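All values below come from the heavy atoms of this structure, side chains included, with hydrogens, waters and symmetry mates left out. Predicted, not measured: the structure shown is a model, and the values here were computed from it.
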Amino acid sequence: MQNGHRLIQSGIITRAARYIIVGGSVNAGLYALYLMLTSWVLLPPLAATSIVYATGVILTYLGNALWAFQRSRSHLDSVWRYIAVYFLGYLVQAGTLVSLTELTPVPHQFAQLLAMVAAAASIFVLLNFWVFGSKQAHTEQQ
């Protein structure tokens, strides 16, 4: 139970809940956009996920920086880290999507959902500890 208490004190549960709220609301709309791009515009899944992903980076930055993680770095310092993390997240998402659609019989619509979850998990860890957490953790220790 001591580990649970430490997680609560560190604020990681609050940050995770807020990250889920920001990401969940934005990603629900982005998934609908993905379905429209692949169904109506007839874009290939990888092209659609690329457009959707870039849109998501822009839409989630302020929600994550100002509310979910309550950034302690300047925008200038955190935005380049944020972009780097989301680039890595894009590689996870695109890699998962391509792997599932090329190597398994999983339909691209379901593969996209799985890819979004895989990317979101890796992004949360990096946002928490590298983008917004490092300076914050240092400040809390003083």
Side-chain angles (χ1 to χ4, degrees), residues 1 3-141:
M1 190 61 160
N3 287 339
H5 184 64
R6 273 188 260 165
L7 289 176
I8 291 170
Q9 281 184 323
S10 73
I12 196 167
I13 292 173
T14 300
R15 288 189 301 275
R18 289 177 176 186
Y19 174 76
I20 289 168
I21 291 167
V22 169
S25 58
V26 170
N27 281 305
L30 293 175
Y31 184 66
L33 177 61
Y34 172 83
L35 293 175
M36 287 178 7
L37 291 172
T38 55
S39 300
W40 298 348
V41 182
L42 302 177
L43 282 180
L46 186 57
T49 201
S50 298
I51 291 168
V52 164
Y53 198 85
T55 304
V57 171
I58 296 164
L59 293 176
T60 59
Y61 176 74
L62 288 175
N64 283 326
L66 298 176
W67 186 62
F69 293 94
Q70 297 175 334
R71 71 171 174 78
S72 58
R73 299 176 184 277
S74 70
H75 280 296
L76 215 51
D77 190 27
S78 60
V79 76
W80 76 267
R81 289 173 183 248
Y82 195 87
I83 291 168
V85 164
Y86 270 80
F87 177 73
L88 292 173
Y90 172 76
L91 295 177
V92 170
Q93 182 165 317
T96 302
L97 177 68
V98 169
S99 296
L100 288 173
T101 56
E102 298 291 323
L103 303 175
T104 71
V106 174
H108 73 89
Q109 297 90 339
F110 185 66
Q112 175 67 7
L113 285 175
L114 294 174
M116 290 170 81
V117 169
S122 61
I123 289 167
F124 174 77
V125 171
L126 292 169
L127 289 179
N128 190 57
F129 293 107
W130 186 57
V131 177
F132 301 121
S134 298
K135 193 172 183 180
Q136 186 176 32
H138 177 67
T139 303
E140 288 173 0
Q141 289 173 356

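Between the CH2 atom of W67 and the CG atom of L62 there is a distance of 14.0 Å, given to the nearest 0.5 Å. Note that the CG atom of N27 and the CD1 atom of I20 stand 11.5 Å from one another [nearest 0.5 Å]. Atom CD1 in I21 sits 11.5 Å away from atom CG in N64 (nearest 0.5 Å). Note that CG of L88 is 12.5 Å distant from CD1 of I83, once rounded to the nearest 0.5 Å. One distance of note links CG of L37 with CG of L33; it measures 4.5 Å at 0.5 Å rounding. Separation of atoms CD1 (I12) and CZ (F69) is listed at 8.5 Å; rounding is to 0.5 Å.
Y82 places no side-chain N or O within 3.5 Å of a backbone atom of F132 that could act as its donor or acceptor partner. Under the 3.5 Å distance criterion, the side-chain polar atoms of N128 are left unmatched by any main-chain donor or acceptor of F124. Not one N or O on the side chain of Y86 forms a donor-acceptor pair closer than 3.5 Å with the backbone of Y61.
Summarising the geometry of A68 relative to R15, their closest heavy-atom pair is O-CG, 3.4 Å, with the distance given to 0.1 Å. Nearest heavy atom pair, residue G95 against residue S99, reads O-OG, 2.7 Å. Of all the heavy atoms in V26 and G56, the pair that sits closest is CG1-CA, 4.4 Å. For G89 against A119, the heavy-atom pair with the smallest separation is O-CB, 3.5 Å.
For Y90, the ring pair (Phe, Tyr, Trp, His ring centres under 6.0 Å) test picks out Y53, with sequence neighbours left out. Contacts of T38 classified as side chain to side chain contact (heavy atoms under 4.5 Å, CB included), with partners at least two apart in sequence or in another chain: Y34, A48, H108. Taking the side chain to side chain contact (heavy atoms under 4.5 Å, CB included) definition, one finds that V125 meets it with F129, sequence neighbours left out. Residues passing the side chain to side chain contact (heavy atoms under 4.5 Å, CB included) test with A111 are L97, L100, T101, V106, sequence neighbours excluded. Take V85 and apply the side chain to side chain contact (heavy atoms under 4.5 Å, CB included) test, not counting sequence neighbours, and it matches I123, L126, L127, W130, V131.
Around CG of L76, the count of heavy atoms belonging to other residues, nucleotides or ligands within 6.0 Å does not exceed 12.
Q109 places a side-chain heavy atom less than 4.5 Å from the side chain of Y31.
Listed by first and then second residue, the side chain to side chain donor-acceptor pair (under 3.5 Å) pairs involving residues 110-127 are T49-Q112 (not counting sequence neighbours).
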